[in-house]
Amino acid sequence: MQVKTYLVTGGAGFIGSNYVKYVLSNFDDVQLIILDALTYAGNYGTIAQDVDNKRCLFIKGNICDQELVSKLFSTHPIEVVVNFAAESHVDRSIENPRLFLETNILGTQNLMDIARKSWATGKDEHGYPTYKPGVRYHQVSTDEVYGSLGAEGYFTETTPLDPRSPYSASKTSADLIVKAYCETYKFPATITRCSNNYGPYHFPEKLIPLIIKNILEGKKLPVYGKGENVRDWLYVEDHCKAIEKVIRKGRVGEVYNIGGHNEKKNIEIVKLTIDTIRHLMETEPAYRSVLKTNLSTVSYDLITYVQDRLGHDMRYAIDPTKMKNELDWTPETTFETGIVKTIRWYLENQQWVEDVTSGEYQNYYERMYSNR
Ligand code: NAD
Ligand code: DAU
């Protein structure tokens, strides 16, 4: 069996850590090097048990660091790069756009530049670079590059790019650089654009884990605007499966949309989360020890409508037909099943929540919600 070495950036974050676990438990033919800067969103503890220094190595560092990334390529036989590393939170991008441009655009460019030089074998008759067989760069992108939908329609891979937040503009720029490298250098890259993920290890300042945390603490549940905005929720393991299919079977230079067929208004998500936690507490009383307040507070009274996000995209919805037709991938987890699995995970992993919120989380929370 031929073993391939993957460089997985952002592997200590939400989706990256789920991907690391998925790949290690389902494929014997890969070994991983995780490169992660451990920003507020990254947590070594999430992957500590996966890092065994044989099949999985961890390096703390920045994807923008040329010297470090070059050294990784010269000391390890890296054949695949999966770039999850990013500043990923739209609200934070509204506060501090520059960091998003640095990590999401320049970080992507740095990884690709070092990969293409390290993988180059020569030139073809037209002067284009040629590369070692089997090498691949994969960019993890987002449906937010397509902008905002009205009540009807879906994003396909040919929907024009129309980003509207500093975060989505930075991800779009990265996608364009990847496409440019595919054309100019015939660089062997693929891109996936995914809808909202949910599941274990989701940092609790994104909607679903924030709502779960606040319900358990008896805190208000901040719903932006009228709560009418729609997201297309995808269980994170379904996303990881899709990415691995694209890396193994996807066509170089192509974009693939990945979505959950699970459109929900934010207010529906919040109500369903309250109902599910209440039901679990009533039917499995052992869970009540996690509640920092009385069961009677687990109710819609916690919902509070707050000032809307600036430039808040109204609706996202993915058409994943290309993934189905070309790679035989469809989402397996319904929202109703996935949300119960997710809530159970949070109820059973409160120490993880405490660990990841012990840093600057409190400052962020105060800043974001106290005057809203
Ligand atoms: P996350 O914020 O949970 O994790 C990001 C990880 O990247 C963290 O571990 C962080 O420490 C690391 N990181 C940040 N800057 C870095 C840098 N300069 N160098 C090295 N590491 C750095 O993000 P996520 O939700 O897991 O998203 C992963 C990727 O998927 C991102 O590219 C994001 O744009 C994309 N995406 C996310 C979603 C979603 O719903 N979460 C949906 C579609 C696409
Ligand atoms: O669509 C894919 C994107 O999904 C990814 O590219 C991003 O990295 C990821 O963070 C996510 O972006 P969103 O902005 O959609 O996720 P978030 O969880 O921040 O918000 C989901 C919806 O809930 C959005 O409409 C804003 C709303 N919201 C969010 C928070 C944090 C609230 O109403 N209240 C909140 O407190």
Side-chain angles (χ1 to χ4, degrees), residues 8-19 34-44 46-47 59-65 68-69 82-94 99-100 102-104 106-108 110-111 139-146 148 155 163 165 167-168 170-171 174 192-199 201-211 214 220-234 236 239 243 258-260 264-267 269-270 303-309 312-318 356 365 368-369 372:
V8 181
T9 71
F14 166 44
I15 306 174
S17 64
N18 276 282
Y19 174 80
I34 301 170
L35 173 64
D36 196 298
L38 298 183
T39 68
Y40 79 93
N43 174 43
Y44 180 72
T46 303
I47 44 156
I59 309 286
K60 182 176 179 203
N62 195 317
I63 57 168
C64 301
D65 184 337
L68 172 66
V69 176
V82 198
N83 184 24
F84 291 97
E87 286 295 333
S88 71
H89 193 177
V90 174
D91 291 324
R92 285 186 185 252
S93 84
I94 296 168
L99 181 58
F100 283 70
E102 284 167 2
T103 290
N104 298 359
L106 295 178
T108 298
N110 189 45
L111 289 171
Q139 178 72 4
V140 180
S141 184
T142 167
D143 59 0
E144 299 204 14
V145 300
Y146 298 120
S148 182
F155 297 133
S165 73
Y167 162 71
S168 53
S170 69
K171 292 294 289 185
T192 46
R193 296 185 180 139
C194 184
S195 58
N196 285 60
N197 284 219
Y198 68 104
Y201 304 107
H202 203 180
F203 192 73
E205 66 181 29
K206 305 285 178 74
L207 181 68
I208 290 179
L210 176 82
I211 294 300
N214 282 11
K220 291 287 181 195
L221 310 179
V223 175
Y224 297 169
K226 294 184 180 154
E228 300 275 305
N229 303 63
V230 172
R231 298 292 184 264
D232 174 4
W233 294 92
L234 177 71
V236 64
H239 184 194
I243 289 175
I258 305 173
K264 297 261 183 273
K265 288 182 182 169
N266 293 337
I267 190 63
I269 296 284
V270 173
I303 295 171
T304 173
Y305 292 92
V306 300
Q307 188 188 47
D308 209 351
R309 175 184 278 173
H312 196 174
D313 288 341
M314 191 59 211
R315 175 172 164 257
Y316 304 144
I318 284 270
V356 299
Y365 192 83
M368 189 54 65
Y369 295 104
R372 207 158 183 152

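Whatever order the structure lists ligands and atoms in, that order sets their numbers, starting from 1.
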> Of all the heavy atoms in Lys171, does at least one lie under 4.0 Å from an atom in ligand 2?
Replying inline: no
>> Looking only at distances, can you tell me whether any N or O atom of Thr142, backbone or side chain, sits closer than 3.5 Å to an N or O atom of ligand 2?
In response: yes
> Below 4.0 Å from any atom of ligand 1, is there a heavy atom belonging to Leu38?
Replying inline: yes
> Which of the numbered atoms in ligand 1 are below 4.0 angstrom from a heavy atom of Asn196?
Replying inline: 40 (O)
> Can you list the atoms of ligand 1 that are under 4.0 Å from a heavy atom of Gly42?
Replying inline: 8 (C), 9 (O), 11 (O)
> If you measure from each heavy atom of Met368 to ligand 2, is any distance below 4.0 Å?
Replying inline: no
>> Could you identify the single nearest non-hydrogen protein atom to atom 7 (C) of ligand 2 and state the distance to 0.1 Å?
In response: Ser88 O, 3.4 Å
>> Can a side-chain donor-acceptor contact be found between Asp143 and Ser195 if the only test is distance below 3.5 angstrom?
In response: no
>> Looking at ligand 1, would Cys64 count as a contact under a 4.0 Å heavy-atom criterion?
In response: no
> At a 4.0 Å threshold, what atoms of ligand 1 neighbour a non-hydrogen atom of Ser141?
Replying inline: 43 (C), 44 (C)
> Does Gln307 offer a backbone N or O that forms a donor-acceptor pair with the side chain of Arg372 under 3.5 Å?
Replying inline: yes
> Which ligand 2 atoms, with their elements, are less than 4.0 angstrom from a heavy-atom of Val223?
Replying inline: 33 (O)
> Which of the listed options, Arg309, His89, His312, His202, holds the heavy atom that is closest to atom 14 (O) of ligand 2?
Replying inline: Arg309
>> Please determine whether side chain to side chain contact (heavy atoms under 4.5 Å, CB included) holds for the pair Asn62 and Leu68, giving the CA-CA distance in whole Å, both sets of side-chain angles, and the decisive distance to 0.1 Å.
In response: CA-CA 8 Å; Asn62 195 317; Leu68 172 66; 6.0 Å; no
>> For atom 14 (C) of ligand 1, tell me which residue out of Ala85, Gly10, Ser168, Ala86 has the closest non-hydrogen atom.
In response: Ala86
> Looking at ligand 1, does Phe203 have a heavy atom less than 4.0 Å from it?
Replying inline: no
> What residue and atom, counting heavy atoms only, is the protein's closest point to atom 35 (C) of ligand 1, and at what distance?
Replying inline: Val140 CG1, 4.0 Å
>> Could you identify the single nearest non-hydrogen protein atom to atom 10 (O) of ligand 2 and state the distance to 0.1 Å?
In response: Lys206 NZ, 3.0 Å
>> I'd like to know if Gly61 contacts ligand 1, where contact means a heavy-atom distance under 4.0 Å to any ligand atom.
In response: yes
> Parallel, tilted or perpendicular for Tyr224 and His312, by the 30°/60° rule?
Replying inline: perpendicular
>> Any nitrogen or oxygen of Trp233 lying under 3.5 Å from a nitrogen or oxygen in ligand 2? Just yes or no.
In response: no
>> Thr103 versus ligand 1: do any nitrogen or oxygen atoms come within less than 3.5 Å of each other?
In response: yes
> Is there any N or O on Leu207 that sits under 3.5 Å from an N or O of ligand 2?
Replying inline: yes
> Looking only at heavy atoms of Ser17, does any of them come nearer than 4.0 Å to an atom of ligand 1?
Replying inline: no
>> Geometry only, no angles: is Ser195 polar-contacting ligand 2 at N/O separations under 3.5 Å?
In response: no
> Counting from 1, what ligand 2 atoms have a heavy atom of Asp143 closer than 4.0 Å?
Replying inline: 1 (O), 2 (C)
> Taking distance alone, with no angle check, do Asp36 and ligand 1 share an N/O pair under 3.5 Å?
Replying inline: yes
> Which residue and non-hydrogen atom of the protein lie closest to atom 1 (P) of ligand 1, and at what distance in Å?
Replying inline: Ser88 OG, 3.5 Å
>> I want to know if ligand 1 touches Ile15 in the polar sense, i.e. an N/O pair below 3.5 angstrom.
In response: yes
> Any idea which protein heavy atom is nearest atom 42 (C) of ligand 1, and the distance to it?
Replying inline: Ser195 O, 3.3 Å
> Do any nitrogen or oxygen atoms of Asn197 come within less than 3.5 Å of a nitrogen or oxygen of ligand 1?
Replying inline: yes
> With distance as the sole criterion, is a donor-acceptor pair present between the side chains of Tyr365 and Glu205 under 3.5 Å?
Replying inline: no
> How does Lys171 reach ligand 1, if at all, at less than 4.0 Å between non-hydrogen atoms: by side chain, backbone, both, or neither?
Replying inline: side chain
>> Counting only heavy atoms closer than 4.0 Å, does ligand 1 sit against the backbone of Trp233, its side chain, both, or neither?
In response: neither
> Does Tyr198 reach ligand 1, in the sense of a heavy atom lying below 4.0 Å from it?
Replying inline: no
> Mind checking whether Asn62 has an N or O less than 3.5 Å away from an N or O of ligand 1?
Replying inline: yes
> In terms of atom number and element, which parts of ligand 1 are under 4.0 angstrom from non-hydrogen atoms of Tyr167?
Replying inline: 33 (C), 34 (O)
> What do you reckon, does Phe14 have a nitrogen or oxygen under 3.5 Å from a nitrogen or oxygen of ligand 1?
Replying inline: yes
> Do other residues, nucleotides or ligands put more than 12 heavy atoms under 6.0 Å from the NZ atom of Lys265?
Replying inline: no
> Among Arg92, Glu144, Arg315, which one has a heavy atom closest to atom 12 (O) of ligand 2?
Replying inline: Glu144
>> Please check if the number of heavy atoms outside Lys220 that lie under 6.0 Å from its NZ is greater than 12.
In response: yes
>> Give me the nearest non-hydrogen protein atom to atom 19 (N) of ligand 1 as residue plus atom name, then the distance to 0.1 Å.
In response: Ile63 N, 3.0 Å
> His239 to ligand 1: N or O pair under 3.5 Å?
Replying inline: no
> Tell me: protein heavy atom nearest atom 29 (C) of ligand 2, and distance?
Replying inline: Tyr224 CE1, 3.6 Å
> Just by modelled atom types, is the Tyr167 backbone N or O under 3.5 Å from a matching donor or acceptor in the Asn104 side chain?
Replying inline: no
> Under 3.5 Å between some N or O of ligand 1 and some N or O of Cys194?
Replying inline: no
> When only distance counts, is Asn229 in polar contact with ligand 2, meaning an N/O pair under 3.5 Å?
Replying inline: no
> Nearest protein heavy-atom contact for atom 36 (O) of ligand 2: which residue, which atom, what distance?
Replying inline: Tyr369 OH, 2.6 Å
> Quick check: does His202 get an N/O under 3.5 Å from an N/O on ligand 1?
Replying inline: no
> Of the listed options (Val306, Ile15, Asn196), which comes nearest to atom 11 (C) of ligand 2 when hydrogens are ignored and any heavy atom counts?
Replying inline: Asn196
> Just which atoms of ligand 1 are under 4.0 Å from any heavy atom in Thr39?
Replying inline: 10 (C), 11 (O), 14 (C), 15 (N)
> Do Phe84 and ligand 1 have an N or O pair less than 3.5 Å apart?
Replying inline: yes
>> For atom 16 (C) of ligand 1, which of the options Gly13, Ser170, Ala37 provides the nearest non-hydrogen atom?
In response: Ala37
> Can you tell me if Ser17 uses its side chain to pair, donor with acceptor, with the backbone of Ala12 under 3.5 Å?
Replying inline: no
> If you count the atoms of ligand 2 from 1 in the order shown, which ones are under 4.0 Å from a heavy atom of Tyr167?
Replying inline: 5 (C), 6 (O), 7 (C), 8 (O)
>> Within ligand 2, which atoms have a heavy atom of Pro222 less than 4.0 Å away?
In response: 32 (C), 33 (O), 34 (N), 35 (C), 36 (O)
> What atoms in ligand 2 come closer than 4.0 Å to a heavy atom of Tyr316?
Replying inline: 1 (O)
> Near Leu210, which atoms of ligand 2 are under 4.0 Å from a heavy atom of that residue?
Replying inline: 36 (O)
>> Which of the numbered atoms in ligand 2 are under 4.0 angstrom from any heavy atom belonging to Glu205?
In response: 31 (C)
>> Students often mix this up, so state it plainly: with edges at 30° and 60°, are the rings of Phe14 and His202 parallel, tilted or perpendicular?
In response: parallel
> Taking the six-membered ring of Tyr198, is NZ or CZ of Arg231 closer than 6.0 Å to its centre and within 45° of its axis?
Replying inline: no
